[in-house]
Amino acid sequence: MSFPLLTVTAAVPAVGAVLTAAVPAARRTAAKWLALLFSLATLAMAVLVAVRFEPGGARYQLTESHAWIADFGVRYELGVDGIGVALIALTALLIPFVIGAGWNDADPLETSSSRWRPTQGFFALILMVEAMVIISFEATDVFLFYIFFEAMLIPMYFLIGGFGDRAHAGSDENAAAQRSYAAVKFLLYNLVGGLIMLAAVIGLYVVAGNFSLQEITAARAAGTLDMATNTERLLFLGFFFAFAVKAPLWPLHTWLPNAMGEATAPVAVLITAVVDKVGTFAMLRFCLGLFPDASKWATPAILVLALISIVYGALVAVGQRDIKRLVAYASISHFGFIIMGIFAMTSQGQSGATLYMVNHGISTAALMLVAGFLISRRGSRLIADYGGVQKVAPVLAGTFLIGGLATLSLPGLAPFVSEFLVLVGTFARYPVIGIIATIGIVLAALYTLVLYQRTMTGPVKAEVSGMHDLRLREVLVVAPLIVLLIGLGVYPKPLTQIVNPAVEHTMSDVHEKDPKPQVAVEAKNGEAAK
């Protein structure tokens, strides 16, 4: 029996979560180091997965399959394609930085109770989320995926509601009420989406007789699975709705600004850079893989919704007064690009969408974590409370600028490559949608540069005159992310060579080929006329 590498990769952070939670109350520092150690061990396992994966090999590799609930056709089935490998690597990469950035965020403000262990709970919940996200990227049994897709909501609920942002204007009671509201809204929105998906999962079992993604897609390709058109469309909508909530796609996005605004900066990164990627990943793996005809049927409507997300998110970000809510609305706009790339049904669009998931995770982590360091120093999330920071904290301002430039997809930084591919892939099949989507790029430059101008430049405000620059721990958190943004912007091949074969399989699932460039078609017609 081969070594269960995928199971171990997901199990390492789960075991770390249990051990971290069990650390005695007085040993907060030990709990932090233990959580960091397990996150680094998970990263090492993710690197091993990437090394063992062969881009030109079978579609799903490192597979595991064991009977689980045999009477209902449920199996413990794992396997990864290039897209899953890239997103597992992203998750494992970001968690050590999330832990490092939140090193002191959950320390109790008072130590009167020896039984209260918020620090241990905070880091244990982060590791538990990591474990559930990783196994979601690995699961090839639809029911298994659904369980962890929903289960990750519970630790996220407690991270948002129980460990909120301390830089909150107003009374402690008001801050607690807003955290509770944000956590409940996050939970309810995603639970509703999950319940609708559960109905679709049951419907899929009734039609297919099992939950195995590989068996169902093989049966569809062989023509042995007869799924009525209306049935396929209803099942697709059930799956897509849940994924669109988690992504989030307009108009199902309203939980995200509240959740990111009230959470600590590391938890905000966990939400938008890690957890939300499960939604867009699932659109590629399950919506297109299980329901190819319904996916093509719904494409025009989904592209319109994605376009609205792009423009709406960017427009609202321009008018934000709260730093963290600005980043949240910018992420809504970016997720619109990702979903647009997925449903453009071109290899460039889907490759760009997958790269965008990875690059958006890195760029948002860099920007949000530096913003968190800034907010913790001033004690305010309001843009108007800052000014002249670059004169007193130049390293902080410089890293904030690079994170912001990555967010607006500046050429030379990683997100530019993915955004360019998404636009090219969309324009090839839907030129009007592709042209309108470029408005998002212009607006991204506006909200990013205005944010930097208002917080970092100009006269030094009295409240920030004594602000200290980044500490060594904070530099160690941010510097590797900056290096990755530059490195993948200049040389994205390590990602593209892993992702592209998986995209080819997805294109085959939906029976689509890239449209020929119009210029080439016209030239060919001209030669024929001669």
Side-chain angles (χ1 to χ4, degrees), residues 98 102 105-106 122 125-126 129 150 152-194 241-280 305 308-309 312-336 360 364-365 367-369 371-372 375-376 379-385 407 447 451:
V98 167
D105 285 0
F122 180 75
L125 289 170
I126 290 175
V129 171
E150 287 293 275
M152 70 180 69
L153 301 179
I154 304 305
M156 285 305 309
Y157 168 81
F158 288 109
L159 283 170
I160 297 168
F163 301 92
D165 189 359
R166 292 174 177 174
H168 195 293
S171 65
D172 291 340
E173 293 79 6
N174 180 54
Q178 292 196 37
R179 286 198 303 270
S180 177
Y181 171 77
V184 170
K185 189 173 183 180
F186 161 82
L187 187 63
L188 288 179
Y189 266 66
N190 284 274
L191 277 179
V192 169
F241 183 85
F243 304 152
V245 171
K246 185 156 286 186
L249 177 68
W250 183 94
L252 306 171
H253 67 283
T254 59
W255 63 267
L256 182 64
N258 295 101
M260 288 185 65
E262 298 305 322
T264 64
V267 173
V269 170
L270 195 63
I271 295 169
T272 191
V274 177
V275 172
D276 287 355
K277 299 302 187 300
V278 178
T280 48
L305 294 177
I308 294 173
S309 289
Y312 167 83
L315 278 174
V316 178
V318 171
Q320 286 301 304
R321 296 181 297 174
D322 183 308
I323 297 174
K324 291 169 71 176
R325 288 178 71 90
L326 185 151
V327 178
Y329 279 106
S331 292
I332 292 169
S333 180
H334 296 149
F335 275 105
H360 171 263
T364 299
L367 181 61
M368 179 59 83
L369 292 180
I375 292 168
S376 66
S380 173
R381 305 193 320 237
L382 298 179
I383 297 172
D385 289 341
T407 298
Y447 62 68
L451 172 64

Calculate, to the nearest 0.5 Å, the distance between atoms CG and CG belonging to Leu159 and Asp105 respectively. 11.0 Å
Is the shortest side-chain heavy-atom distance between Ser309 and Phe335 below 4.5 Å? no
When Asp385, Ile383, Leu382 are each screened for side chain to side chain contact (heavy atoms under 4.5 Å, CB included) with Ile323, the one that passes is Ile383
Let me see the working for Asn190 and Trp255 under side-chain contact (heavy atoms from CB on, under 4.5 Å), right down to the final yes or no. CA-CA 9 Å; Asn190 284 274; Trp255 63 267; 4.1 Å; yes
Taking the side chain as every heavy atom from C-beta outward, state whether Gln320 and Arg325 have any pair of such atoms under 4.5 Å apart. yes
May I ask you to test the Lys185-Thr254 pair for a side-chain heavy-atom distance under 4.5 Å? yes
pair Val267-Phe122: side-chain heavy atoms closer than 4.5 Å: yes
Test: Glu262 and Arg381 ion pair at under 4.0 Å: yes
Is there a side-chain contact between Asn258 and Gln178 in this structure, where contact means two heavy atoms from C-beta onward sitting under 4.5 Å apart? no
Identify the two heavy atoms, one from Ala263 and one from Ala268, that lie closest to each other, and give their separation to 0.1 Å. CB-N, 4.1 Å
Please name the pair of heavy atoms, one in Gly372 and one in Ala265, separated by the smallest distance, quoted to 0.1 Å. CA-CB, 3.6 Å
Nearest heavy-atom neighbours spanning Pro257 and Ala328: CA-CB, 3.8 Å
When rounded to the nearest 0.5 angstrom, what distance separates CG in Leu367 from NZ in Lys324? 12.0 Å
Polar side-chain atom of Arg179 near backbone of Gly162 as donor-acceptor pair, under 3.5 Å: no
Would you call Phe163 and Leu125 a side-chain contact if the rule is heavy atoms closer than 4.5 Å? yes
From OH (Tyr157) to CG (Leu188), nearest 0.5 Å: 9.0 Å
Return yes if some donor-acceptor pair links the side-chain N/O of Lys246 with the main-chain N/O of Gly193 below 3.5 Å, else return no. no
Under 3.5 Å, side chain of Trp250 to main-chain N/O of Gly313, donor-acceptor pair present? no
Under the side-chain hydrogen bond (donor to acceptor under 3.5 Å, both in side chains) rule, what do Tyr447 and Thr407 come out as? Steps first, then yes or no, please. CA-CA 10 Å; Tyr447 62 68; Thr407 298; over 6 Å; no
Out of curiosity, Phe241 CZ to Leu249 CG, how far, rounded to the nearest 0.5 Å? 10.5 Å
Pair His253 and Tyr312, ring centroids less than 6.0 Å apart: yes
Which distance, rounded to the nearest 0.5 Å, do you find between the CD1 of Ile160 and the CG of Leu270? 9.0 Å
From Ser331 atom OG to Asp276 atom CG, the distance as rounded to the nearest 0.5 Å: 8.0 Å
Check whether any side-chain heavy atom of Leu326 sits under 4.5 Å from a side-chain heavy atom of Asp322, and report yes or no. no
With heavy-atom distances below 4.5 Å as the criterion, would you say the side chains of Thr272 and His360 are in contact? yes
Decide yes or no on side-chain contact (heavy atoms from CB on, under 4.5 Å) for Leu153 and Phe186, but give the supporting numbers first. CA-CA 8 Å; Leu153 301 179; Phe186 161 82; 3.8 Å; yes
